[in-house]
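Here is the naming used below: chain letters follow the sequence lines, and residue numbers restart at 1 for every chain. Keep in mind that what you see is a predicted model, and the values were worked out from it rather than measured.
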Amino acid sequence: MGLLSPSDVEYLKDLFSKEMQDEVKILVFKSDDKSKCEYCDITVDVLKEAAETDDRIQLEVYDIEDDEIIAEKYNVKGRVPTIIFLTSDGVDKGVRYYGIPSGHEFSTVIQNIISFSKGAQPELSEASKEKLKAIDKPTEILVFVTPTCPYCPRAVQLAHEIAKANENITSAMVEANEFPEWSMQHQVSAVPHIVINDETAFVGAYPEDMFVDYVLQHAR
Amino acid sequence: MFFVGGQTHIKDYYDIIVIGGGPAGMSAALYAGRAGLSCLVIESNISGGQMNETDIIENYPGIDEIQGAVLAEKMKRHAEKFGAQFHTATVVEVDFSGQVKRVKLDDGNTISSEVVVIATGASHRKLNVPGERELSAKGVSYCATCDGHFFKGKTVALVGGGDTAMTEALYLSNIVEKVIVIHRRDKLRATKILQDRAFKKENIEFLWNTIVKEIRGNGKVESLLLENKKTGESFTLKVDGIFIAIGITPNTELFKGKVNLDSQGYILTDENMETNIKGVYAVGDVRSKRLRQVITAVADGAIAVTHAAENYFD
């Protein structure tokens, strides 16, 4: 049996047939070295299973060493697994996953498949989109999560919507267990833990307007 | 495990809006769908509410044991099967003044409905001791399933003595080196079977009649200042983290002045789950009642929507 149950597969087929508009590209960077990447195989496998539920989902799997040039183009920095979403036109909106999006996080992958098939329009209030226009420098949002945290997917989703709203912003889920040193560097001991431009901005699940205000504060 | 929850685009009017996607809200949505009513569930995080923080649920009749998050996903899928829609957003304002109710969301949407079911549940209660706020997310946690991983091989304190506290202690005992349960009484309030399991665990220790006076540490939790209530004696305990499970406080901030609350802030309802405002119901942990469990939550949801269907829709 696959990683997704037959009923999950039926659910996704139905959902995607109703909600997807165009194609979506998912790039995944992996390493075959188990000591470097415990969860690469399973990440690739689950994405393959999800991609099989709709023809419009195009999955491209790259090896971090063999496909060095493309890894560099997308600034993967040796992190595996890395997942990147692109629109049907190949537009990179800065939406990333570092580590496996398992457990609750997988729902955000499903959301992004639908969103990118529709051109990755940010699902934010007009007020938030207007505020985010002010950001004119490269800004990176990292959301540290654990797969068993029910408060994390909403934070990841908000971070991703914020990235879609402004080309200067990139945002990523970081699975804390797979990147212990990175987590230690930011003293992550509770999740969701949000780092903006290399500085801890806040910890916890905050509503949209507060999240956006934190991004504006730290982007300066 | 992979949860494949998805969202569909939403309309601006539904027969019933359910605020909160825990078991009470999802049961309400299931009954709404089966009654032929359109229903939107607005959830600020992941559907399932506190079930998602419960490692194993084993008191839901007919299901021997199931992970809380899995039961949550099943309930969501079940409600969706009968037509309920789910939307992730935080409600920022409600207007119950007219016959048509209005709910404003943080993502800019405003949605109207004939009936609103409040199922916002409850949040973790805080200890309110010095150091708690300062060291929050620096070793102070309210969610073992969220943050337990960060304390692998370490010693943590767990404050509380109820079902939630023991469930969390047992969950943590599988990850950390040692769990020290700090409880203000000389016996636990938790269900007998959970007590027995906790007493059997070699790496769960108990400090009875003890309260936390202060959480100490420089940038992260290092120790606790405790007091034995019987002897009055104060002492410090070295720990790497502290998990707090001392009960819940209702999520009713939005509804103050809009519906009647009891002295502790829980929403008062009649036996049909209806509040003092016609067409506004409250179900689950947010409601003033005795027993707060998944099974009483789902019962509330069913009762509320059945009553609403009979009285507000033809």
Side-chain angles (χ1 to χ4, degrees), chain A residues 3-5 7-9 11-12 14-16 18-19 46 49-50 100-111 113-114 123-129 145-155 157 161 176-177 183 187-193 200 202-210, chain B residues 1-9 43-55 67-69 72-74 76-77 80-81 86-92 104-109 135-152 154 171 219-221 240-241:
Chain A
L3 295 162
L4 302 179
S5 71
S7 76
D8 287 341
V9 169
Y11 176 85
L12 289 180
D14 182 58
L15 180 72
F16 290 149
K18 283 182 192 148
E19 297 293 326
V46 76
E49 285 181 29
I100 188 168
S102 71
H104 299 293
E105 290 305 330
F106 200 64
S107 325
T108 68
V109 170
I110 305 303
Q111 277 323 114
I113 290 174
I114 294 168
E123 298 267 342
L124 296 169
S125 69
E126 290 306 317
S128 296
K129 284 189 267 192
V145 306
T146 60
T148 43
C149 159
Y151 304 101
C152 294
R154 177 64 177 152
Q157 190 192 351
E161 297 308 322
N177 298 317
S183 303
Q187 297 187 313
V188 178
S189 72
V191 286
H193 181 120
T200 293
F202 61 97
V203 179
Y206 282 59
E208 179 182 311
D209 55 341
M210 289 173 80
Chain B
M1 188 148 338
F2 298 92
F3 295 113
V4 298
Q7 273 192 41
T8 47
H9 53 276
E43 166 57 47
S44 57
N45 292 299
I46 283 287
S47 301
Q50 293 168 65
M51 287 197 288
N52 285 311
E53 291 181 34
T54 311
D55 183 26
Q67 272 181 285
E73 181 73 3
K74 278 181 179 288
K76 175 168 184 258
R77 209 68 79 71
E80 282 178 330
K81 182 178 157 190
F86 285 75
H87 182 68
T88 312
T90 302
V91 175
V92 291
K104 203 176 148 197
L105 309 181
D106 67 339
D107 61 6
N109 286 303
L135 294 167
S136 173
K138 292 169 181 158
V140 176
S141 173
Y142 304 86
C143 176
T145 58
C146 301
D147 306 331
H149 298 284
F150 299 111
F151 299 90
K152 205 175 273 181
K154 297 188 172 169
Y171 176 79
K220 63 182 173 68
V221 170
D240 302 301

Chain B contact via [X] - side chain, backbone, both or neither, heavy atoms under 4.5 Å:
X	value
E105(A)	neither
Q111(A)	side chain
V109(A)	neither
I113(A)	neither

What's the separation between atom [atom1] in [X] and atom [atom2] in [Y], rounded to the nearest 0.5 Å?
X	Y	atom1	atom2	value
T148(A)	M1(B)	OG1	CE	11.0 Å
S44(B)	Y206(A)	OG	OH	14.0 Å
T146(A)	H149(B)	OG1	NE2	5.0 Å
D209(A)	D107(B)	CG	CG	11.0 Å
H9(B)	E123(A)	NE2	CD	10.5 Å

May I ask you to name which of [options] has the most heavy-atom pairs under 4.5 Å with chain B?
options	answer
G103(A), P192(A), A205(A)	G103(A)
I114(A), V203(A), V46(A)	V46(A)
Y11(A), F106(A), Y151(A)	Y11(A)

Atom of [X], atom of [Y] and distance for their closest heavy-atom approach:
X	Y	value
A137(B)	S189(A)	O-OG, 2.9 Å
D147(B)	V191(A)	OD1-N, 2.9 Å
R77(B)	S7(A)	NH1-O, 3.7 Å

Open item on the list: Non-hydrogen contacts under 4.5 angstrom with chain A: give the residues of residues 46-55 of chain B involved, or none if there are none.
Closed with: I46(B), N52(B), E53(B)
Open item on the list: Looking at S102(A) and F2(B), would you say the former's side chain and the latter's main chain have a donor-acceptor pair under 3.5 Å?
Closed with: no
Heavy-atom contact with chain A under 4.5 Å, split by part of [X]:
X	result
Q67(B)	neither
F150(B)	side chain
F151(B)	side chain

Task: Choice from E73(B), E80(B), K81(B) maximising heavy atom contacts with chain A below 4.5 Å - done: E80(B)
- [ ] Select, from L105(B), T90(B), T145(B), the one with the greatest count of heavy-atom pairs under 4.5 Å involving chain A.
- [x] T145(B)
Open item on the list: Classify the ring geometry of F3(B) against H104(A): parallel below 30°, tilted from 30° to 60°, perpendicular beyond 60°.
Closed with: parallel
Task: K138(B) atom NZ, over 12 foreign heavy atoms within 6.0 Å - done: no
